[in-house]
Amino acid sequence: MAFYECVLIARQDISAAQAEALAEQFAQIIRDNGGQVTKTEHWGLKTLTYKIKKNRKGHYVLFNLDAPAAAVLEMERNMSINEDVLRYMSVRVDALDANPSAMMQSRGERGERGDRGDRGPRRFDDRGPRPPRRSEQAPAAEGEIA
């Protein structure tokens with residue numbers, strides 16, 4: 001059997017519980033066809049870069065699969081039929097990662113940015129004090145347009 005990663009985007013107007021039930025439905029298709037789902041991650045409701053079928057947001061779900069190609073094709077066929085699925089993408093990978101995906105890691109775990117270091121001072125810190133404001137403009141000479 002081969003390893004696959006599959007991400008699906010479900011419509012925004014279904015609930016989180018319905019999105020999880022939808023993911024379980026597709027996982028069951030994999031199990032029924034002789035494969036196994038090693039990891040399922042629900043990334044939650046996220047904003048899409050552009051509208052897909054008039055939706056601005058979508059529920060994202062990631063599957064790590066150890067399944068034959070026929071099982072993945074059957075799952076993709078069912079995803080294309082289902083009206084709640086906006087998009088899906090399955091990719092064959094060499095090995096499955098047991099760690100949480102980058103989407104599930106908190107910002108603190110990805111690494112702190114630290115101070116500015118060798119990038120120099122902030123843009124507005126090195127200007128010095130502001131010059132005094134003009135109290136009034138110089139009067140225009142006769143015949144000149146102000």
Side-chain angles (χ1 to χ4, degrees), residues 1-138 145-146:
M1 288 192 279
F3 299 126
Y4 295 90
E5 285 185 357
C6 179
V7 176
L8 74 93
I9 306 172
R11 291 184 316 150
Q12 65 184 357
D13 46 344
I14 66 173
S15 68
Q18 288 173 316
E20 290 180 16
L22 190 65
E24 181 55 37
Q25 174 187 343
F26 295 128
Q28 189 60 44
I29 291 171
I30 293 293
R31 287 189 217 104
D32 292 344
N33 288 298
Q36 65 179 16
V37 179
T38 59
K39 178 172 70 170
T40 304
E41 288 183 358
H42 299 277
W43 293 346
L45 189 65
K46 300 215 172 276
T47 304
L48 302 172
T49 303
Y50 53 89
K51 284 185 180 180
I52 300 175
K53 297 180 184 175
K54 299 182 181 179
N55 289 284
R56 292 185 183 271
K57 294 185 177 190
H59 293 274
Y60 282 72
V61 179
L62 168 77
F63 295 109
N64 278 0
L65 308 172
D66 182 8
V72 176
L73 288 174
E74 178 64 17
M75 180 187 69
E76 287 180 342
R77 187 185 73 79
N78 280 282
M79 285 182 183
S80 66
I81 293 171
N82 196 317
E83 292 180 357
D84 290 335
V85 177
L86 298 176
R87 291 280 193 276
Y88 61 90
M89 183 177 190
S90 300
V91 179
R92 185 174 176 175
V93 293
D94 294 330
L96 296 176
D97 189 14
N99 299 326
S101 66
M103 295 296 287
M104 294 301 287
Q105 294 175 1
S106 70
R107 290 242 181 234
E109 294 176 21
R110 293 186 198 173
E112 298 282 332
R113 288 190 57 177
D115 63 350
R116 296 188 60 85
D118 62 343
R119 293 185 291 166
R122 295 198 56 98
R123 182 174 170 210
F124 299 109
D125 290 347
D126 58 355
R127 285 181 159 180
R130 287 181 92 169
R133 291 186 172 203
R134 291 188 217 163
S135 58
E136 60 182 58
Q137 291 184 345
I145 301 174

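We number each residue from 1, following the sequence as shown.
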State the [atom1]-[atom2] distance between [X] and [Y], to the nearest 0.5 angstrom.
X   : Y   : atom1 : atom2 : value
E76 : L8  : CD    : CG    : 11.0 Å
T38 : L96 : OG1   : CG    : 4.5 Å
K46 : I9  : NZ    : CD1   : 11.5 Å
D66 : I30 : CG    : CD1   : 10.0 Å

Margin query: If the threshold is 4.0 Å, N to carboxylate O, is there a salt bridge linking E5 and K39?
Written below: no

Margin query: For M89, I'd like to know if atom CE has over 12 heavy atoms of other residues, nucleotides or ligands within 6.0 Å.
Written below: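 Count not over threshold, so no.
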
Notebook entry, point to check: Do other residues, nucleotides or ligands put more than 12 heavy atoms under 6.0 Å from R92 CZ?
Noted result: no

Taking every non-hydrogen atom, the tightest pair across [X] and [Y]:
X   : Y   : answer
F3  : D94 : CD1-O, 3.3 Å
M1  : G35 : SD-CA, 4.2 Å
G34 : P68 : O-CD, 3.9 Å
S15 : Q18 : N-OE1, 2.8 Å
H42 : A23 : CE1-CB, 3.6 Å

Notebook entry, point to check: Are the side chain of E41 and the backbone of S101 linked by a donor-acceptor contact shorter than 3.5 Å?
Noted result: yes

Checklist line | Option from L45, T47, L86 for which side-chain contact (heavy atoms from CB on, under 4.5 Å) with Q12 holds | finding: L45

Donor-acceptor list for residues 48-64 side chains, cut-off 3.5 Å, not counting sequence neighbours:
from : atom 1 : to  : atom 2 : distance (Å)
N55  : ND2    : I52 : O      : 3.3
N55  : ND2    : K53 : O      : 3.0
H59  : NE2    : I14 : O      : 2.8
N64  : ND2    : D97 : O      : 3.2

Note to self: Can you list everything that forms a side chain to side chain contact (heavy atoms under 4.5 Å, CB included) with N78? Sequence neighbours excluded, please.
What the structure shows: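 If we apply the side chain to side chain contact (heavy atoms under 4.5 Å, CB included) test to N78, skipping adjacent residues, the hits are F26, I29, E74.
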
Item checked: Pairwise side-chain contact, Q28 with Q25, heavy-atom cut-off 4.5 Å (strictly under) -> no

